[in-house]
Amino acid sequence: MIPNKNVYLDYAATTPVDPRVIAKMLPYFSEVFGNPSSVHFYGQQAEAALEHARKIIADAIQARQDEIIFTGCGTESDNLAVRGVALARRKEQGTSQILISPVEHYAVSHTANQLADEFGFKVDYLPVDKYGRVDPADVEAYLQPNTALVSVVYANNEIGSINPISEIGKVCRKHNVPFHTDAVQGAAYLLMNVTRDQVDLLSICGHKLYGPKGVGALYVRHGQTIHPVQTGGKQEIGIRAGTHNVPNIVGMAEALLLAQVELSERTRKLTEIRDYLIKNVLEKIPECHLTGHPSIRLPNHASFVFGGVDGNHLLMMLDMAGFSCSSGSACKSGSPKPSDILLAIGIPLNWALGSLRVTLGLDTTMEQIDSFLQVLPKLVEKAKK
Ligand SMILES: *Cc1c(COP(=O)(O)O)cnc(C)c1O
């Protein structure tokens with residue numbers, strides 16, 4: 001899929017689009033180009049494609065078709081969930097506490113912060129263990145009569161740990177508090193089931209699972225009230241206005257379908273390579289720790305911290321050697337600030353500055369990892385200050 005000679009090891013930042021997905025999308029750029037909101041033939045054709053995509057996504061996560069809202073990206077899904085539910089709950093019940101984990105993606109945490117700074121909400125943070133996981137008993141302890149919404153990431157983008165989502169969902173349902181989970185990373189490798197997990201809102205996007213960039217979806221459980229955050233026309237039952245990006249929506253649906261159908265095969269292949277990578281990095285490199293849970297983690301995800309290493313320098317040297325990795329979430333690369341997520345799980349500052357995230361994908365081979373393992377120890381040594 002990737003035509004150049006550099007080795008891409010940053011699949012948590014984004015993935016290439018699967019050729020099977022591109023083939024599904026192509027007719028919707030020029031043949032079936034209508035606006036799904038138009039009443040005529042062209043509009044009906046586009047609307048049929050839109051609703052078919054909605055059904056595929058609903059089926060994949062065990063939801064109803066009318067519970068899927070299309071958005072412009074994963075970030076927008078998170079914004080809509082957090083802001084839309086916080087505003088609706090305050091209007092209906094006067095609640096104003098937002099309960100999130102300290103290891104959320106900025107799409108959730110910065111939205112919650114804005115609600116606190118500008119709209120009078122209060123954000124409280126759930127504790128996490130050293131792997132960045134939330135204990136459902138803590139959710140129970142932190143819930144208040146005043147809680148508007150709980151949001152906990154399904155699988156962490158930076159350290160790969162998977163949260164006990166169905167146990168957290170059970171606690172929230174018992175107390176009748178809406179529960180949102182950011183499954184943007186999780187949906188690529190975990191079986192989503194909003195009924196089993198008792199989730200009220202769930203975010204996904206296309207480009208983390210071999211679909212296109214610039215498209216997302218939010219599951220909103222039937223009966224859950226939510227305020228629109230993008231106002232305009234009547235699209236998406238008035239919750240998300242704007243003409244639909246039909247090719248991208250069709251592509252995201254196909255990508256999610258393939259991810260779920262091929263889940264066990266992809267997981268088996270990637271877990272083997274990931275475990276080989278982790279074992280060798282820990283063996284070959286002194287002063288090195290795995291971050292995130294050793295086994296309850298995404299099958300394609302390996303993340304480390306190295307003592308006394310400048311992580312950005314290491315990334316640049318890896319890039320020059322032909323390996324594209326990340327030091328944490330993609331948006332932070334290039335800035336010398338340590339990751340908030342690593343600090344939240346108790347990693348000391350001088351270690352947190354030496355972080356490396358290696359995320360594998362469908363094109364990753366053992367040979368690539370072997371050549372990576374050839375150069376990494378030398379470059380880590382060089383990057384020691
Ligand atoms: C990538 C990512 C997002 C943002 O999705 P975009 O489609 O890039 O806006 C949100 N949450 C997590 C966990 C992510 O990994």
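Whatever order the structure lists them in is the order used to number ligands and atoms, beginning at 1.
Ring centroid separation for the pair Tyr42 and Phe33 comes in under the 6.0 Å cut-off.
Within 4.0 Å of ligand 1, the residues that place a heavy atom are Cys73, Gly74, Thr75, Asp78, His105, Asn157, Asp182, Val184, Gln185, Cys205, His207, Lys208, listed by chain and number.
Among residues two or more places apart in sequence or in another chain, the side chain to side chain contact (heavy atoms under 4.5 Å, CB included) test is passed with Cys288 by Val281, Leu282, Ile285, Phe304, Phe306. In this structure, Tyr142 has no ring pair (Phe, Tyr, Trp, His ring centres under 6.0 Å) partners at least two apart in sequence or on a different chain.
Between Asp10 and Arg357 a salt bridge is recorded (basic side-chain N to carboxylate O distance below 4.0 Å).
Contacts classified as side chain to side chain donor-acceptor pair (under 3.5 Å) and involving residues 243-253 (residues at least two apart or in different chains) are given here: Glu236-His244.
Checked by atom type, the side-chain pair Tyr106/Asp78 shows no donor-acceptor distance below 3.5 Å.
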